2 protein chains.
Amino acid sequence: MINFDSYLKASFTVDNVIFGFDEGDLKVLLIKRAEEPYFGYWALPGYFVYPNEDLETAAKRVLYELTGLRNVYLEQVHTFSAIDRHEFGRVITVAYFSLIKISNYALQVSSIASQAQWHSVSTIGRLGFDHNEILRGCFHRLKWLVRSRPVGFELLPPKFTLTELQHLYEAILETELDKRNFRKRFFPWDC
Amino acid sequence: MINFDSYLKASFTVDNVIFGFDEGDLKVLLIKRAEEPYFGYWALPGYFVYPNEDLETAAKRVLYELTGLRNVYLEQVHTFSAIDRHEFGRVITVAYFSLIKISNYALQVSSIASQAQWHSVSTIGRLGFDHNEILRGCFHRLKWLVRSRPVGFELLPPKFTLTELQHLYEAILETELDKRNFRKRFFPWDC
DNA sequence: CATAATTAGTGTAAAAATTACACTTTTTCT
DNA sequence: AGAAAAAGTGTAATTTTTACACTAATTATG
């Protein structure tokens, strides 16, 4: 029988890349770290996984504690495992990304973060850990996702205009879109 | 400072879904388990990650020990973390998938497996652990991959005919393709 | 409530990409 | 030499994509 102790036992965490949309800008929710390492840096909200949780449960828990939201869109993206990515020990992290409506809730005071803020993805500075890389990966996934299925309902309020939806798509794809062709794509039946 | 011991420390494994193509059939390389759990079952080749490795290094090591091949296409697909997926303890596994040329080498006698065999993906039975689910996920990824970029050079011998390539694509996509249109897709310039 | 700002609504032509479809020649293998 | 496998070749119909500009209606604001 295998002796598990002779192999790597690592701590593992989940990190959430939470996208929102507001003021015509695609945003991501960051927390300000209040402890070492990377004290004072902005970073992705994440936490250790508990023994009785699977990864998705942990990612949902982090999201809930930070935003009070449940039942939101959540998707595993990639697992990051560089040996030195956490200076206090071997920590492997699984990145999830999530899409939520900014206007829908107020950020919670939580154990995860004393300070949480929305940042435009276009103006993000140096984040803690390897979180810039994780964010890049998730942004890339979002770009791909938006091409393969509609993504408006997750990021916009219950009622939104077509123009808002177009602005969202333009923010995600970092490009300009033609209004009439955009309509055609969403309502191909009456064109 | 965080006390890591109060959180879950899990063992990590990688599992490789290694696709090959032979006799007009898409195949996957399986090993026969020689120990508990799932003694005697076919399963994906995988192993524990060592403390000085990141995940990709571990996946490459497993692939090398089993096949003797290096520098092959390898891609992380998904991380599986169900609490009870390994009955001897908490083990999280990261699935990688890989594409190799079957004809190119002989399977190695290795520490990983006493018995390794190619199986047609269309006739796979019950595998050990949650490996059927992992295989499904990787097959799905392969289908997507083949639509977004050419995949022939990884799976076919150095020289291959267009017809062979078409048969490969038909096996992956589980559909029939038109020969002339298939040519057009690969050589759009001289049509 | 008057005005301004935002959003809805509408058509077409050109270009590009996709699909369906069958037979002959050349090469390779035995 | 013969058989089997692969290469090679064209076109018409359909569908999809793209580029492009103005008016009417609604909503928000002072």
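All chains are named by letter (A, B, ...) in the order of the sequence lines, taking the proteins before the strands, and each is independently numbered beginning at 1. Small disclaimer: the values here were computed from a predicted structure and weren't measured.
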Between [N] atom [atom2] and [X] atom [atom1], what is the distance in whole Å?
| X | N | atom1 | atom2 | value |
| --- | --- | --- | --- | --- |
| Leu177(A) | dA19(D) | CG | P | 11 Å |
| Glu176(A) | dA19(D) | CD | C1' | 14 Å |
| Phe187(B) | dT9(D) | CZ | P | 11 Å |

End-to-end bend of the helix from dC1(C)-dG30(D) to dT30(C)-dA1(D) (five-pair axes, 10° rounding)?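 Inter-axis angle at the termini of the helix from dC1(C)-dG30(D) to dT30(C)-dA1(D): 50°.
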Set of ring pair (Phe, Tyr, Trp, His ring centres under 6.0 Å) partners for [X], sequence neighbours left out:
| X | value |
| --- | --- |
| His140(A) | none |
| Trp118(B) | none |
| Phe80(A) | His78(A) |

Does a nitrogen or oxygen in the side chain of Arg183(B) sit under 4.0 Å from OP1 or OP2 of dT9(D)?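 No, no such contact exists.
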Sorted by first residue and then second, give each salt bridge (Lys or Arg N to Asp or Glu O under 4.0 Å) pair with at least one member in residues 73-82 of chain B; sequence neighbours left out.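 Sorted result for residues 73-82 of chain B: Glu75(B)-Arg141(B).
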For Ala10(B), check side-chain contact (heavy atoms from CB on, under 4.5 Å) against everything at least two apart and list the hits.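 Applying side-chain contact (heavy atoms from CB on, under 4.5 Å) to Ala10(B) gives Phe12(A), Leu8(B), Arg90(B), Ile92(B).
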List in numerical order all residues of residues 153-167 of chain A for which some heavy atom is under 4.0 Å away from an atom belonging to DNA chain D.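 Per residue number, the list is empty: none.
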Looking at Phe139(A), is Lys143(A) sitting on its ring face, NZ or CZ under 6.0 Å from the six-membered ring centre and within 45 degrees of the normal?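 Here Lys143(A) passes the 6.0 Å and 45° test against Phe139(A).
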Side-chain donor/acceptor pairs under 3.5 Å, residues 146-155 of chain B, sequence neighbours excluded:
from	atom 1	to	atom 2	distance (Å)
Ser148(B)	OG	Leu145(B)	O	3.1
Arg149(B)	NH2	Glu154(B)	OE2	3.4

With a 3.5 Å cut-off and sequence neighbours excluded, list the donor-acceptor pairs that the side chains of residues 125-135 of chain B form with protein atoms.
from	atom 1	to	atom 2	distance (Å)
Arg126(B)	NH1	Phe129(B)	O	3.2
Asp130(B)	OD1	Arg85(B)	NE	3.4
Asp130(B)	OD1	Arg85(B)	NH2	2.9
Asp130(B)	OD2	Arg85(B)	NE	2.8
His131(B)	ND1	Leu44(B)	N	3.0
His131(B)	NE2	Asp15(B)	OD2	3.4
Asn132(B)	OD1	Leu127(B)	N	2.8
Asn132(B)	ND2	Gly125(B)	O	3.0

Across nucleotides 18-26 of chain C, 5' to 3', mark each nucleotide with B, S or - according to how protein heavy atoms within less than 4.0 Å reach it. -BBBB----
Please go through Tyr64(A)'s hydrophobic cluster and name the other residues, only I, L, V, M, F, W, Y counting, with side-chain heavy atoms under 4.5 Å joining them.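 Besides Tyr64(A), the hydrophobic cluster comprises nothing; the residue is isolated.
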Set of salt bridge (Lys or Arg N to Asp or Glu O under 4.0 Å) partners for Lys27(A), sequence neighbours left out: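 Scan of Lys27(A) (salt bridge (Lys or Arg N to Asp or Glu O under 4.0 Å), adjacent residues dropped) gives Glu23(A).
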